[in-house]
Amino acid sequence: MSSLLPWYALLLPLFSAALIMLLTHRLRGLSSFISVASVIASFFCCCLIFRHPDMTAPSFLWLRFQGQFKVPIGFTLDQLSRTMLVLVSGIGALIHIYSLGYMRDDEGKSRYFASLSLFMFAMIGIVLANNFVMMFIFWELVGLCSFLLIGHWFDRDAAAKAANKAFITNRLGDFGFMIGILMVWLATGSVVFDDIVPQISKITSNPGYLTTAVLLIFCGAVGKSAQFPLHVWLPDAMEGPTPVSALIHAATMVAAGVYMLVRVGFLIQTSQDALNVIAWTGTITAVMAALIATQQDDIKKILAYSTLSQLGYMIMAVGLASGEAAMFHLFTHAFFKALLFLGAGSLIAMMHHEQNIWKMGGQGKNMFITFVTFSIGTLALIGCPPFSGFWSKDAILGLAFNRNLFIFGLALFTAFLTAFYMLRLMVVVFFGKPRSPAAQSSDEAPRAMLLPLVILAIFAVIAGFNSVAGKFLTLPHERDTFSAIPVVAVGATVLGSFVAILLYRKREAEPLDLRLLRRKFFVDEFYAWLIASTQDLLARIASFTDRWIIDVGGVRGLSGATWGLGSLLRLFQVGNLQVYALIFGVGVVGLLYFALMR
Amino acid sequence: MITLGHYLGASAVLFAVGFAGVMLRRNIIIIFMSLELMLNAASLSLVAFSRSRVASGLPNYNAQVFVFFIITVAAAEVAVGLAIIVALFRARRTTHVEDISAMKF
Amino acid sequence: MHLLLFWLFTLIMVGFGIAVIANRNPVASALCLVVSFVGLAALYISLDAFFIGTIQILVYAGAVMVLFLFIIMLLDLRAEERRPVNWFVFAGGGALALTLLFQISYVIGRTRGAHAAFPPLTVPTDDVRNIGALLFSQFNLPFQVIGVLIFVATIGVIILSKRELR
Amino acid sequence: MSAPQFLEISVVLLGFAIVLVDAFATNIPKRFLAFAAIIGLTAILLATFFTATVAIDSNAVGFWSFYAFDPLALIFKRIALVTTIVVIVMIIDYAPVAAIGISGTSSEAGLGEFYSIPIFACAGMMWMASAIDFVMIFVSLELVTISFYVLVSLTRRNSLSLEAGVKYLVLSALSTGLLVYGITWIFGATGETNLQRVAQSFSASGDHTAALFGSVLIIIALGFKIAAAPFQLWVPDVYQGAPTPVTAFLSVGSKAAGIVVLLRVVSPFLALPQTETLLIGIAFLTLIYGNLAAIPQTNVKRLLAYSSIAHTGYILIALVSFSGTAVVFYVVAYLLMTLLSFHVLILVEQKGGENLEDFAGLSQRSPFLAFAMLIAVASLAGVPFTAGFMGKFQVFDAAISHRHYGLAILGVLTVACGFYYYFKIVRAMYWEAPRVAQTILIPIWTRAVMLLMIAGTFWLGVAPQRVFASLSPRVVKAVTSVR
Amino acid sequence: MLLLLVFTPIAAAILLLLGAPARTTALGAAILMFLTSLLIYSTFVFWTPGYNFVSTYPLATELHLNFALGVDGLSVLMILLTSLVTLAAVWFTGDIEKHEPSFYACLLLISAGALGAFASLDLFFFYAFHELALIPTFLLIGIWGTGDRGAAAWKITIYLATGSFILLLGLIMLYQSVPMAARSLDIRTLQAAATQIPPDAQRNIYLVLLVGFGILVSLFPFHTWAPEAYASAPAPAAMLHAGVLKKFGLYGLLRIALPLLPEGSRYWSNLLLILLLGNIIYVGLVTIAQKRLDWMLGYSSVMHMGYIFLGIAATNLIGTTGAAALMFAHGISIALLFAIAGEIRKRTGTLDFDELGGLARKMPFAALVFGIAAFASIGLPGFANFGAEVMVIFGAFRHGADMSGFHAFQIATVLALWGVVISAVYMLRAYRRTFWGAAANSHEALVDLRLMLRVPITLLIASTLWFGVSPQSFVRLVSPTLLPFLHEPNR
């Protein structure tokens with residue numbers, strides 16, 4: 001069944017973004033309304049698409065060189081993408097609604113909603129893409145939107161810098177991604193997923209080439225999904241408005257990397273070497289981010305590192321050759337992490353943009369609904385049965401246990417840390433006494449913000465059940481294999497929770513001071529040093545060379561030399577007739593010699 | 001035996017003397033005389049060549065006609081040249097080349 | 001005998017030529033020039049160019065030299081006061097002249113017929129007539145040009161030397 | 001149809017008439033003499049269009065063994081006539097300045113001669129254009145030279161003019177001596193003075209040392225006339241000191257006449273292989289000297305002098321590449337742009353001086369003059385759609401087709417230098433503020449002449465076919481037949 | 001029609017000098033040119049190899065010189081670019097204090113030079129029209145420029161004059177390298193005779209042409225004129241020069257060097273690779289270190305030339321089409337960037353990053369436009385630059401590739417991709433330091449762009465978006481032109 005529905009789903013948000021930018025950017029209320037309406041409409045389209053598994057859509061030829069290179073703008077509509085569509089547009093719609101409340105009085109509201117809609121467009125594009133180049137196109141557009149949204153409050157230097165950092169770090173990943181695409185194209189002659197599959201032997205027959213290509217493609221995911229070593233942009237990205245953090249940096253955009261890896265799983269899983277690298281990258285990220293999260297004071301930073309850590313799980317799952325487990329975790333994580341961020345957003349908004357958890361406290365009483373929903377999110381995140389996170393994390397742990405015990409150990413340790421830092425957050429924020437005037441006077445958030453919280457909380461509870469998740473996903477079979485794993489995992493969680501509660505109950509300030517963790521393993525400092533000592537140094541050397549050697553030395557030197565030579569030649573012109581006669585004589589004799597005697 | 005070479009040699013020496021005079025002397029009038037020497041040296045060669053190219057028992061008179069022209073031109077040149085030198089002397093009270101180098105470079 | 005005369009006149013010509021450029025006094029130079037030209041005229045005559053020899057005397061020794069002397073007197077030029085000799089110019093100019101002389105002699109050495117005696121003249125040389133005929137027939141055009149040239153020179157001399165033009 | 005020899009005779013008669021009227025009708029304004037001269041010369045110029053060319057006959061005796069009337073001669077006669085006409089117009093504009101320089105009782109003293117001597121020089125140049133015998137070359141060249149002796153030092157109250165006159169006199173006489181000596185040796189080697197017969201004799205086998213010696217001396221003498229290095233030293237001083245119209249005349253007329261003679265004599269000379277290398281060497285030196293020494297120059301007149309040397313270099317490139325068409329075209333282009341620039345200079349120097357700062361802000365003082373100078377300078381520098389570019393294009397074309405890559409590369413690099421020093425004038429005119437606010441009045445006839453020259457510059461730069469048609473194919477053959 | 005197109009600006013320039021009302025005339029001419037070129041674009045017959053709208057006027061038979069105009073896909077694209085940017089440049093001109101008519105006349109003459117060069121079928125006019133634009137450039141920078149305008153004007157003029165005369169040398173060598181019978185200045189005739197050029201001649205000529213064109217396009221290491229000139233030039237001049245005129249050299253390589261000298265381009269491809277990497281990496285680094293917006297833009301335009309060279313060096317259909325497309329795309333984006341930079345300079349009097357900041361608050365529209373152009377220029381999808389760069393990168397990567405490892409072109413492509421990262425670094429840094437962050441105190445009374453400026457801005461952005469969404473339009477237009485000359489097996 002061919003239908004234009006996917007096109008509508010894709011283009012509606014773009015249309016709204018264009019409309020806002022061109023016409024209604026002065027009317028902030030109307031703009032936000034257009035945006036929300038278009039995203040909800042898009043969500044309904046997605047739901048319809050989801051209900052019709054046999055749907056196809058017309059495609060459009062973006063670029064074609066006869067027999068050499070073809071890039072269509074066409075859609076893949078398999079189960080994976082349909083699930084992802086619903087997820088992305090659904091959460092997107094919720095966050096649009098939430099933003100109505102959160103950004104109510106922002107002066108850049110129109111711009112904000114335009115960017116948000118544009119983001120939806122790009123994200124849906126990634127999900128639908130049926131080839132590498134198209135995916136890359138939307139991949140980059142997503143990067144642009146995240147740049148715009150992070151830099152929404154561009155007056156703040158930190159926001160401006162964070163926006164740049166996000167974009168450039170992503171570009172670094174895309175650098176590898178593009179080379180990977182080129183290599184695949186070179187080997188198979190196509191960038192369209194469906195055309196690559198039959199040609200896959202052409203690339204798998206050359207293992208070194210294959211591994212390189214796969215790892216380069218993985219680079220894209222490393223950038224977008226903020227894996228070590230390109231994870232640095234995500235925590236900084238929290239400078240953006242909180243709904244943005246929820247939407248982009250928790251539920252959807254960062255998941256794009258995982259989605260992409262699953263989408264090209266047919267390729268990735270042919271290279272065991274690459275898979276190992278991927279798995280370890282995920283593991284390292286998971287552990288490292290969790291460790292850092294334990295020492296952060298900014299509520300959004302904690303959640304950001306938590307996101308990193310969870311993304312690490314997903315990548316780990318991909319690396320352990322189970323796209324299903326990765327997608328499952330992605331699915332559940334989207335709900336509870338969005339929930340957590342939105343909850344944090346409520347807290348922040350109600351406390352006049354205070355983000356330091358040590359300035360909060362006692363919010364369980366002031367903001368009860370937020371407290372409840374936030375707690376559900378936390379429980380889901382730390383993997384407390386029967387919340388959704390339990391099921392998906394369990395699947396990954398089981399997977400790791402089957403494939404690599406060392407990774408399993410680290411994953412378990414991460415689970416422990418997750419419980420630790422989340423409970424730390426809960427205890428400090430919601431219990432005890434308010435530790436600032438803003439915390440004392442806080443009140444429950446408006447309805448537009450609470451509605452998404454409630455909906456998301458419901459999903460955070462139920463999304464892990466077979467009956468719900470099974471409708472959307474092919475569930476990983478690992479979850480049923482070994483029954484001791486859940487017990488061990490829950491044990492780790494409980495242990496982490498208790499440690500955190502004991503440690504942070506009734507504290508007024510941070511009792512631990514682990515500088516290494518607080519300063520995020522000094523990665524930012526290292527990068528700053530690295531950039532300063534390589535790129536900036538080279539840039540300065542190049543600039544110096546250009547200005548003084550090529551320009552002054554080469555160009556001006558030559559022209560100066562010409563000038564000088566000219567001035568020297570002029571010296572013949574001394575004005576004295578005798579000298580002229582003499583030079584004339586030299587000329588005569590010289591030319592005669594030249595002509596006769598040589 | 002006197003050959004063409006003798007005359008040419010004599011002419012060459014005279015020419016070189018004139019040439020040297022132009023380059024070495026600083027009095028414009030004497031430079032001018034040296035130029036006359038050069039012209040006359042050329043005429044001498046010409047006449048010698050004319051004498052050596054005998055056709056039907058006569059020297060080649062074309063060359064002698066040319067010499068006639070040379071002498072005429074030289075005379076006219078001397079007249080104009082001396083007029084200029086006079087004018088210069090009136091203006092600057094000098095005939096010395098080193099004194100007339102207002103324009104240079 | 002011929003040879004002797006040739007060397008004599010050559011020496012006169014070259015010797016006084018050198019005297020022209022060596023003399024410090026313009027008047028002496030001019031007189032030396034006359035003598036040199038007389039020697040030259042004799043050489044012309046020795047080459048059977050009587051007409052040329054004659055007008056050499058008439059034009060050069062007669063007209064041109066008078067002009068020179070007249071101007072020198074008019075300007076009341078005396079012997080140059082001694083100026084410091086520019087030895088670089090002196091050496092350079094001398095060397096150049098010598099080099100030129102060497103080059104010319106090299107060319108003379110390689111000239112066909114330079115070492116042969118002059119062919120004899122079999123017809124009586126009536127050169128005034130022959131030259132005159134050539135001038136007015138074949139060389140008519142250059143002759144006319146020379147006429148214009150002299151006219152221009154006349155105007156030029158007037159305009160350049162008259163004290164006040166009207 | 002008129003017989004060709006009457007062209008020069010008419011010019012000479014015109015000159016006589018002007019001189020006589022000047023001498024006896026003392027109370028008419030001298031300007032009318034100039035107008036009469038212009039009208040007369042224009043009539044003669046028109047007459048050239050009704051004169052049939054005559055092929056050169058190498059066996060001719062008498063008149064036709066001295067005089068050629070081939071297309072080459074015809075076009076150079078026209079060049080001489082046009083140059084003279086424009087120069088006389090310049091002299092009209094220059095008259096107020098000249099009156100200061102000429103020592104006379106009235107403000108118009110000497111102007112009659114100033115108008116008439118160029119006419120005789122013009123006749124000399126026309127004869128040079130036709131001269132195919134060394135005797136004829138010598139006498140016509142001397143006619144031109146002597147006219148220039150007079151013209152250069154004409155404004156004799158101005159001591160620079162006299163200084164220029166003396167320098168020109170001595171060095172030119174030196175080159176005359178060399179010319180005569182060279183002709184002597186050519187005669188000695190061949191027994192001939194007619195170019196065609198000399199050429200036949202040169203192409204015979206044997207030792208050509210004597211002929212080569214003569215050729216080198218003649219090339220040196222002509223090189224002096226066309227301002228080729230290393231015999232160019234007189235150029236800047238004489239150009240600067242001479243009255244500006246005379247400078248223009250010298251730099252166009254005298255040079256063009258020298259070039260046509262050079263074109264005619266190199267045909268036989270190039271039978272000797274050393275001559276070509278010699279000319280290439282001269283071209284190298286000339287290009288380098290002219291262009292480089294011009295760079296630091298701030299006196300516009302001197303700058304144009306150096307530029308004149310530089311252009312000789314380009315013409316020599318065309319010459320050694322045996323491209324008569326390129327040479328002639330370049331000369332025509334050079335005529336237009338040089339006369340135009342000197343004409344502007346004349347008007348500017350009356351209201352200030354001839355230095356670069358006197359050109360400052362010319363675009364405000366007289367937009368028309370600035371524009372004319374812009375066109376002239378663009379053409380001199382070689383900007384497309386001007387005659388100068390078309391000329392350079394053909395020069396490089398010729399050079400490359402004869403594999404003179406070295407010359408071509410040097411030519412290209414020096415063109416870039418040229419952009420520098422020519423655009424200095426543009427900069428002064430357009431960027432800088434004027435030192436004096438005084439506007440410059442342009443007489444109507446001057447404006448007309450300038451407009452004609454500007455139009456010509458563009459016309460030749462876009463549609464050069466007319467010039468080629470008047471040359472081809474015989475000239476090209478005549479010049480290239482040697483190879 | 002082409003004649004009309006080429007002579008409209010010339011006629012308008014003459015009218016301006018004769019005293020026609022300045023802005024009206026110039027704008028009218030620009031609009032007329034734009035409409036004409038749109039008409040040419042829309043009536044152009046695709047998929048026919050060969051030239052449309054050919055008209056020939058013989059000028060000099062001895063020189064084989066004709067004034068011949070005609071367009072193929074490549075020229076149509078460039079003509080469209082020229083008229084678009086001209087319109088924008090004229091529109092963006094405002095408040096010229098001195099000699100207003102001359103300013104417009106100079107702009108139009110530059111435009112005429114570019115149009116003439118792109119539409120000429122004759123080597124002579126191809127060359128001459130381009131060089132014609134040199135004087136107006138000199139005057140524009142010298143009279144109306146800012147900063148050290150004198151030095152900059154000198155440098156660009158002398159440098160470009162040298163380059164173009166070297167080019168002239170190469171063109172003459174080229175035209176003389178074909179046998180006498182086929183000798184012609186007509187590009188069509190030469191293309192037909194291309195196979196008769198001996199290989200060693202091809203190598204020499206290609207090198208000369210590469211240096212000549214390279215200087216004009218600011219190929220490393222002949223690039224130092226560009227940033228200085230663009231920094232000093234008034235914005236419309238910089239727009240026209242960087243956006244359009246500079247493309248002449250690349251156009252020449254595609255039009256002349258590539259079809260006529262395949263052996264030459266093969267022989268020198270490694271040299272070209274090194275030089276173009278100099279453009280991308282080295283100049284990219286230099287760009288990062290810039291401290292002024294105008295210098296940064298100047299260097300960035302130099303850097304992006306490297307990608308176009310890369311496409312040309314690839315000598316396959318994908319790469320060369322990409323190069324042509326990128327010429328267009330870069331022209332649009334850099335014109336917009338210079339336009340906005342010029343407006344900023346007009347208002348703040350400085351382009352030093354340290355003195356700017358927070359302009360987005362005062363000039364939101366300018367910030368938006370600059371942002372769009374900046375992202376377009378660093379190759380964000382949706383803009384023409386991206387599609388073009390994709391083609392360039394894919395084409396270059398494919399050149400001489402096999403599965404055994406990376407060869408010169410693959411390594412170059414990878415480094416060029418690294419250049420994409422570099423360009424993001426400097427462009428975003430510049431954007432942040434200009435428009436974001438805290439506003440500098442001295443910029444209290446800034447006003448945003450005039451409303452009327454939306455017309456040219458919209459035109460430019462719309463065109464780059466159109467080609468960005470459908471880069472196949474480039475392929476459709478350009479590849480039939482290039483295909484016959486590429487001698488490549490259809491894989």
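Because only heavy atoms are used, hydrogens play no part in the values below, and waters and symmetry mates are left out as well, while side chains stay in.
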K.L.:
Step by step, work out the ring-ring contact (aromatic ring centres under 6.0 Å, His included) result for E:Phe467 and E:Phe474.
P.N.:
CA-CA 7 Å; E:Phe467 283 104; E:Phe474 284 135; 4.4 Å; yes
K.L.:
Can you run down the side-chain hydrogen bond (donor to acceptor under 3.5 Å, both in side chains) pairs that involve residues 546-555 of chain A, sequence neighbours left out, and say none if there aren't any?
P.N.:
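side-chain hydrogen bond (donor to acceptor under 3.5 Å, both in side chains) check on residues 546-555 of chain A returns A:Asp546-E:His223, A:Asp546-E:Tyr282, A:Asp546-E:Tyr299, A:Asp551-E:Lys155, A:Asp551-E:Thr224.
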K.L.:
Taking every heavy-atom pair that is under 4.5 Å apart, which of E:Phe375, E:Trp225, E:Phe435 has the most such pairs with chain A?
P.N.:
E:Phe375
K.L.:
So, E:Phe386 versus A:Trp139, ring centres under 6.0 angstrom or not?
P.N.:
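Between E:Phe386 and A:Trp139, the centre distance exceeds or equals 6.0 Å.
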K.L.:
Quick one: which of E:Gln290, E:Arg433, E:Met391 has the most heavy-atom pairs under 4.5 Å with chain A, could you say?
P.N.:
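Of the options given, most contacts go to E:Met391.
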K.L.:
Do any of residues 552-562 of chain A have a heavy atom less than 4.5 Å from a heavy atom of chain E, and if so, which, in residue order?
P.N.:
A:Val555, A:Arg556
K.L.:
With respect to chain E, which residue among A:Ser543, A:Ala159, A:Gly208 yields the maximal number of heavy-atom pairs within a distance under 4.5 Å?
P.N.:
A:Ser543
K.L.:
Can the ring centroids of A:Phe132 and A:Trp185 be said to lie less than 6.0 angstrom from one another?
P.N.:
no
K.L.:
Pick one of side chain, backbone, both or neither for E:Tyr426, based on which atoms fall under 4.5 Å of a heavy atom in chain A.
P.N.:
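Neither; nothing under 4.5 Å.
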K.L.:
Between E:Tyr431 (side chain only) and E:Ala367 (backbone N and O only), is there a donor and an acceptor less than 3.5 Å apart?
P.N.:
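Confirmed, E:Tyr431 side chain pairs with E:Ala367 backbone.
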K.L.:
Pick from A:Asp157, A:Leu61, A:Asn164: which one has the most heavy-atom pairs with chain E under 4.5 Å?
P.N.:
A:Asn164
K.L.:
Going by salt bridge (Lys or Arg N to Asp or Glu O under 4.0 Å), name the residues that satisfy it together with E:Arg429, two or more places apart in sequence or in a different chain.
P.N.:
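Salt bridge (Lys or Arg N to Asp or Glu O under 4.0 Å) check on E:Arg429 returns A:Asp536.
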K.L.:
Please round to the nearest 0.5 Å and tell me the distance separating atom NZ of A:Lys70 and atom CG of A:Leu63.
P.N.:
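Answer for the NZ-CG pair, A:Lys70 versus A:Leu63, is 11.5 Å.
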K.L.:
With chain E as the partner, which of A:Glu107, A:Met178, A:Arg64, A:Arg156 has the greatest number of non-hydrogen pairs under 4.5 Å?
P.N.:
A:Arg64
K.L.:
Under 4.5 Å heavy-atom distance to chain E, tell me which part of A:Thr212 shows up: side chain, backbone, both or neither.
P.N.:
neither
K.L.:
For the interface with chain A, which of E:Ala360, E:Gly395, E:Ala289, E:Gly437 has the highest count of heavy-atom pairs at distances below 4.5 Å?
P.N.:
E:Gly437
K.L.:
Is it true that E:Phe406 and E:Phe397 have ring centroids separated by less than 6.0 Å?
P.N.:
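Here the rings of E:Phe397 and E:Phe406 have centres that are less than 6.0 Å from each other.
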K.L.:
Is it the side chain or the backbone of A:Ala158 that comes within 4.5 Å of chain E heavy atoms, both, or neither?
P.N.:
neither
K.L.:
Between the main-chain N or O of A:Phe113 and the side-chain N or O of A:Ser117, is there a donor-acceptor pair closer than 3.5 Å?
P.N.:
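Yes; judged by distance alone, with no hydrogens or angles, the pair exists.
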K.L.:
Counting distance only, does the side-chain N/O of A:Asp174 pair as donor-acceptor with the main-chain N or O of A:Glu140 below 3.5 Å?
P.N.:
no
K.L.:
Counting heavy-atom pairs under 4.5 Å to chain E, which of A:Phe69, A:Phe154, A:Phe60 comes out on top?
P.N.:
A:Phe154
K.L.:
Taking every heavy-atom pair that is under 4.5 Å apart, which of E:Val283, E:Ile158, E:Thr321, E:Ile422 has the most such pairs with chain A?
P.N.:
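The candidate making the most pairs under 4.5 Å is E:Thr321.
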K.L.:
For A:Gly223, does its backbone N or O pair with a side-chain atom of A:Trp233 as donor and acceptor, under 3.5 Å?
P.N.:
yes
K.L.:
Given a strict heavy-atom distance threshold of 4.5 Å, which part of E:Thr413 is in contact with chain A: side chain, backbone, both, or neither?
P.N.:
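The side chain, not the backbone.
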K.L.:
Shorter than 4.5 Å, heavy atoms on both sides: which option in A:Arg540, A:Met183, A:Lys202 has the most such pairs with chain E?
P.N.:
A:Met183
K.L.:
Taking atom CZ of E:Phe353 as the centre, does the number of heavy atoms from other residues, nucleotides or ligands within less than 6.0 Å exceed 12?
P.N.:
yes
K.L.:
Which answer fits A:Phe138, side chain, backbone, both or neither, if we ask what part of it has an atom under 4.5 Å from a heavy atom of chain E?
P.N.:
neither
K.L.:
Look at A:Asp236 together with A:Lys161 and state whether they make a salt bridge at an N to O cut-off of under 4.0 Å.
P.N.:
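Salt bridge between A:Asp236 and A:Lys161, a charged N being under 4.0 Å from a carboxylate O: no.
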K.L.:
Of the backbone (N, CA, C, O) and the side chain (C-beta and beyond), which part of A:Val71 lies under 4.5 Å from a heavy atom of chain E, both, or neither?
P.N.:
neither
K.L.:
Side chain from CB out, backbone as N, CA, C, O: work out which of these in A:Gln535 comes under 4.5 Å of a heavy atom of chain E, or both, or neither.
P.N.:
both
K.L.:
Going by side chain to side chain donor-acceptor pair (under 3.5 Å), A:Asp106 matches just one of A:His152, A:Arg111, A:Arg28. Which one?
P.N.:
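Filter result, single survivor: A:His152.
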K.L.:
What option among E:Ile378, E:Val390, E:Ile393, E:Thr287 has the most heavy-atom pairs under 4.5 Å with chain A?
P.N.:
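Sorted descending by pairs with chain A, the first entry is E:Ile378.
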K.L.:
Given a strict heavy-atom distance threshold of 4.5 Å, which part of E:Trp154 is in contact with chain A: side chain, backbone, both, or neither?
P.N.:
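Neither the backbone nor the side chain of E:Trp154 comes within 4.5 Å of chain A.
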K.L.:
With sequence neighbours left out, what residues match E:Phe383 under ring pair (Phe, Tyr, Trp, His ring centres under 6.0 Å)?
P.N.:
none
